[in-house]
Visitor: 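Would you mind keeping the following structure in view while I ask a few things?
By convention here, the first residue in the shown sequence is residue 1.
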Amino acid sequence: MASISLKFPDGNVKEFAAGTTPEDVAKSISISLGKKAVAAKLDGELIDNLTPIAHDGSIEIVTKSDADGLTVLRNTTAALVRIALKKEFPAIRLGEVSADEDGFYVDTDKDDQQVSVDELDAIAVIVEKLIADKAAIERIAVSKDDALAKAKDDPYTTDLIKAVDGDQVNFLKIGDHEILSDGAQLANTGDVKKFKLLSVAGAYWQGKSSNPMLQRIYGTAFYKQADLDADLARRQEARERDHRVIGNQLDLFFVDPKVGAGLPYWMPNGATIRRTIERYIIDKEVANGYQHVYTPVLANLDLYKQSGHWAHYREDMFPPMDMGDGEQLELRPMNCPSHIQIYNHHIRSYRELPLRIAELGMMHRYEKSGALSGLQRVREMTLNDGHTFVAPEQIQDEFKSILDLMVKVYKDFDIKDYTFRLSYRDPKNTEKYFDDDEMWNNAQKMLKGAMDDLGLPYVEAEGEAAFYGPKLDVQTKTALGNEETLSTIQLDFMLPERFDLHYVGADGEEHRPVMIHRGLVSTMERFTAYLTEIYKGAFPTWLAPKQVTIIPVSEEKHGAYADKLAAELKAADVRVNVDKRGEKMGYLIRDAQTHKIPYTLVVGEDEMANGTVSVRKYGEDDSNSMSSDAFVKEILSDIASYSREEN
């Protein structure tokens, strides 16, 4: 019998009979591994545990405790969900399926009414029955013609089959059911342990807004109940922190797809938070030597061709606007070419360097509808953008200065959970990255050296750089568990070359500056979303859209005193309102807590007679009495200290 050689992760190579399965390989290593194994990776590709191996290769056994083991479990659970949907709704059409570290989803379409969240329990019961059957999961090869015949009433499955390379298509045979295969599978339905169907949401077919809107069913699965319980608890916490949910509760913003998906409208509360952030950032940057500018959101397309954005980011840019006279205008995807025009407008001297230019610059990105999400992924955004033009010998000092400012900003916003990532180019990807080995090597060495000098921990990631240079990314996690880049510092030797930038040195000769791109807090949209989630909507006093609400016990008797207090607070630039709705006191106090207002003041007969206020802080059950002057002093101190206990 023919034999094959399999190489293991530790470098060992073993001989096996051709046709050996991953299960056989695992058992040959140990009985316990054989029991834990659910699949394998053959030359990096995930395969079923019972797939015969016909050729030499590198193998890695996948167990239940591996991330890939969860993917296999979720692939199989998704397959059972598709079968259950077909049993419950025979005419249902099935679209794409996906399984990853966050769970799985199944796209569906029905003529009469889409699957609702209320129907998920009934579908789960059918899945439980399929699991209890402990049916073998077989993989069968079907000719593409036969596969298309099976799917003749389902245009989505038909498209998926047509996209398969080759003349044969893999189906799964589970009991009496046959369904299009998607990814590596478990060997038996009984191997599916704990699962939960979570929610439904609309999703465009293949992520294109021009395609039909399908119904996406989300779920997850684990091998242990404890893991499922922990995941459900995490999801509940994420829902409670979701900026889209909180944004609706606190009336911060809304997006109306009929008006324009990915184009948020900022309500007065949200606009107040944003305006406070913008004023803070501008003041901070001006104090650190930045000169703020305004530049147009439109530019001639040639500008972005010269910068390289058109070549590298065309798919993320809106189509040019033809003005009819040969001129083409483009909504800017980046602010850097605009700031280069500011630099280039005058002859620059070495005495001006570092020259720091900053702007709250509006940009536009051609995001697909399926990628849009609240304020985190939008089509119009305002970036806290800055560009410093430096002499080469100033790079490391300026990098450290920017990073120091960034850390101070994080402290003021009480941001603690972040990590540093040095993002390098992939030297093999010459299409994406500017082709200059010496430039890349020097720039990456400078960034790494600066981080080492500062003694800050970081990870290195190849292939994450901008097309024009390496960068430091500050990574955070959203409430939904997604990793986001909050801030960035990028070195750029390329754009000064492309735009032929110069400064006159001390020797009277022209020299090429280096450009440092930096964003302290990302876009106003993404940063507001991030803060909403980390604060869970309970914004610190200095950021809260309403900082104080005053409730008179009786509008008729105490309303004038409440108005007098409000006027004093407004004069001190405190955001305050008087609640005169005439509802019961308990309701008004609860409503102030629901809207997460930092301070609720109740004023009645005693307060009016003594010039005091009854103060209740958000999240506290008890109230304290103090003089109105003492309260004004307390809240102003709270605001001035960025609501930190210590400056």
Side-chain angles (χ1 to χ4, degrees), residues 291 293-323 326-346 348 353-367 379-390 392 395 423-426 429-436 438-440 442-443 463-473 485 488-503 510-519 522-523:
Q291 302 176 61
V293 299
Y294 294 100
T295 57
V297 297
L298 285 170
N300 192 297
L301 179 61
D302 289 341
L303 181 67
Y304 301 111
K305 289 181 177 179
Q306 184 176 358
S307 69
H309 289 99
W310 184 246
H312 291 274
Y313 287 122
R314 186 181 308 182
E315 292 184 358
D316 298 319
M317 297 169 66
F318 279 91
M321 290 171 269
D322 191 338
M323 305 308 293
E327 182 183 25
Q328 289 187 301
L329 294 180
E330 178 67 33
L331 284 167
R332 68 176 172 196
M334 301 279 190
N335 300 310
C336 33
S338 301
H339 290 184
I340 286 173
Q341 304 312 304
I342 297 285
Y343 179 91
N344 233 6
H345 189 61
H346 296 298
R348 302 294 180 178
L353 306 185
L355 179 63
R356 304 180 181 102
I357 296 171
E359 179 179 12
L360 292 171
M362 182 179 289
M363 310 184 306
H364 293 81
R365 300 281 176 83
Y366 190 80
E367 294 277 7
R379 287 172 170 155
E380 178 184 273
M381 64 220 72
T382 299
L383 179 64
N384 162 230
D385 210 357
H387 297 91
T388 303
F389 299 86
V390 299
I395 288 175
S423 298
Y424 303 148
R425 69 160 175 168
D426 177 357
N429 190 344
T430 55
E431 183 176 337
K432 177 180 178 181
Y433 297 108
F434 182 56
D435 189 16
D436 186 331
E438 184 179 0
M439 180 279 286
W440 280 100
N442 288 339
E464 294 293 335
F467 74 88
Y468 47 73
K471 56 180 179 169
L472 170 71
D473 290 322
T485 299
T488 185
I489 308 174
Q490 306 172 6
L491 288 188
D492 184 356
F493 293 78
M494 186 199 79
L495 289 183
E497 188 79 28
R498 287 198 169 193
F499 285 91
D500 195 25
L501 301 186
H502 297 97
Y503 65 89
E510 288 187 340
H511 299 270
R512 184 83 70 204
V514 177
M515 191 174 177
I516 301 178
H517 308 243
R518 49 104 289 203
S522 186
T523 66

Visitor: Could you walk me through whether Tyr366 and Leu331 pass the side chain to side chain contact (heavy atoms under 4.5 Å, CB included) test, one step at a time?
Guide: CA-CA 10 Å; Tyr366 190 80; Leu331 284 167; over 6 Å; no
Visitor: Does any part of the side chain of Thr488, heavy atoms only, come nearer than 4.5 Å to the side chain of Asp473, both counted from C-beta?
Guide: yes
Visitor: Within a strict 4.5 Å, meaning less than it, do heavy atoms of the Pro392 and His511 side chains meet?
Guide: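 They are not in side-chain contact.
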Visitor: Are Tyr304 and Pro320 close enough that some pair of their side-chain heavy atoms sits under 4.5 Å apart?
Guide: no
Visitor: I'd like to check Val514 versus Pro496 (side-chain heavy atoms, cut-off strictly below 4.5 Å). Are they in contact?
Guide: no
Visitor: If we ignore hydrogens and angles and just use 3.5 Å, is the side chain of Glu359 paired with the main-chain N or O of Thr295 as donor and acceptor?
Guide: yes
Visitor: Taking side chain as C-beta onward, heavy atoms only, is Met515 less than 4.5 Å from Ile340?
Guide: yes
Visitor: Only one of Arg365, His517, His339 clears side-chain contact (heavy atoms from CB on, under 4.5 Å) with Met334; which?
Guide: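 For Met334, the side-chain contact (heavy atoms from CB on, under 4.5 Å) test succeeds with only one of Arg365, His517, His339, which is Arg365.
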Visitor: Can you tell me how far the CD1 atom of Ile516 sits from the NE2 atom of His387, to the nearest 0.5 Å?
Guide: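 Spacing of CD1 (Ile516) from NE2 (His387) equals 11.0 Å.
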Visitor: List for me each residue that meets ring pair (Phe, Tyr, Trp, His ring centres under 6.0 Å) alongside Phe499, sequence neighbours excluded, and say none if there are none.
Guide: none
Visitor: Taking only residues two or more places apart in sequence, or in another chain, which ones meet Glu510 in a side-chain contact (heavy atoms from CB on, under 4.5 Å)?
Guide: His502
Visitor: May I ask you to test the Gln341-Leu303 pair for a side-chain heavy-atom distance under 4.5 Å?
Guide: yes
Visitor: Start with the C-alpha distance between Gln291 and Leu355, add both sets of side-chain angles, then the distance that settles side chain to side chain contact (heavy atoms under 4.5 Å, CB included), and finish with yes or no.
Guide: CA-CA 8 Å; Gln291 302 176 61; Leu355 179 63; 3.2 Å; yes
Visitor: Distance check, rounded to the nearest 0.5 Å: Met317 atom CE versus His364 atom NE2?
Guide: 12.5 Å
Visitor: Passes side chain to side chain contact (heavy atoms under 4.5 Å, CB included), Leu298 versus Met321? Steps please.
Guide: CA-CA 10 Å; Leu298 285 170; Met321 290 171 269; 3.1 Å; yes
Visitor: State, yes or no, whether a side-chain contact exists between Leu383 and Leu360 at a heavy-atom distance under 4.5 Å.
Guide: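 Of all side-chain heavy-atom pairs linking Leu360 with Leu383, none is under 4.5 Å.
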Visitor: I would like to know whether His309 and Cys336 meet side chain to side chain contact (heavy atoms under 4.5 Å, CB included); could you show each step before the answer?
Guide: CA-CA 10 Å; His309 289 99; Cys336 33; 3.7 Å; yes
Visitor: Report yes if the side chains of Glu330 and Phe318 come closer than 4.5 Å at any heavy-atom pair, otherwise no.
Guide: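 Yes, their side chains come closer than 4.5 Å.
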Visitor: Taking atom OG1 of Thr388 and atom CG of Asp492, what is their separation to the nearest 0.5 Å?
Guide: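 These two atoms lie 12.0 Å from each other.
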Visitor: If we ignore hydrogens and angles and just use 3.5 Å, is the side chain of Glu327 paired with the main-chain N or O of Asn300 as donor and acceptor?
Guide: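 No.
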Visitor: Of all residues at least two apart in sequence or in a different chain, which pass the side-chain contact (heavy atoms from CB on, under 4.5 Å) check with Asn344?
Guide: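 Expected list: Leu501.
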Visitor: Is it the case that the side chain of Arg348 and the backbone of Tyr343 share a donor-acceptor pair, with hydrogens and angles ignored and the cut-off at 3.5 Å?
Guide: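 Judged by distance alone, yes, a pair lies under 3.5 Å.
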Visitor: Compare every heavy atom of Pro296 with every heavy atom of Ser338, then report the nearest pair and how far apart it is.
Guide: OG-O, 4.3 Å
Visitor: Counting N and O atoms only, with roles assigned by atom type, does the side chain of Arg356 sit under 3.5 Å from a partner on the main chain of Gly386, one being a donor and the other an acceptor?
Guide: no
Visitor: Is it true that Asp500 and Arg512 make a salt bridge, defined as a side-chain N closer than 4.0 Å to a carboxylate O?
Guide: yes
Visitor: Mind checking the CG-CE spacing from Asp385 to Met363? Nearest 0.5 Å is all I need.
Guide: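 Rounded to the nearest 0.5 Å, the CG-CE separation comes out at 6.5 Å.
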Visitor: Locate the shortest heavy-atom distance separating Pro470 from Ala465; write the atom from each residue and the value.
Guide: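 Closest pair (atom of Pro470, atom of Ala465, distance): CA-CB, 4.0 Å.
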Visitor: How far does CD1 of Ile395 sit from CZ of Phe493, to the nearest 0.5 angstrom?
Guide: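 One gets 4.0 Å once the value is rounded to the nearest 0.5 Å.
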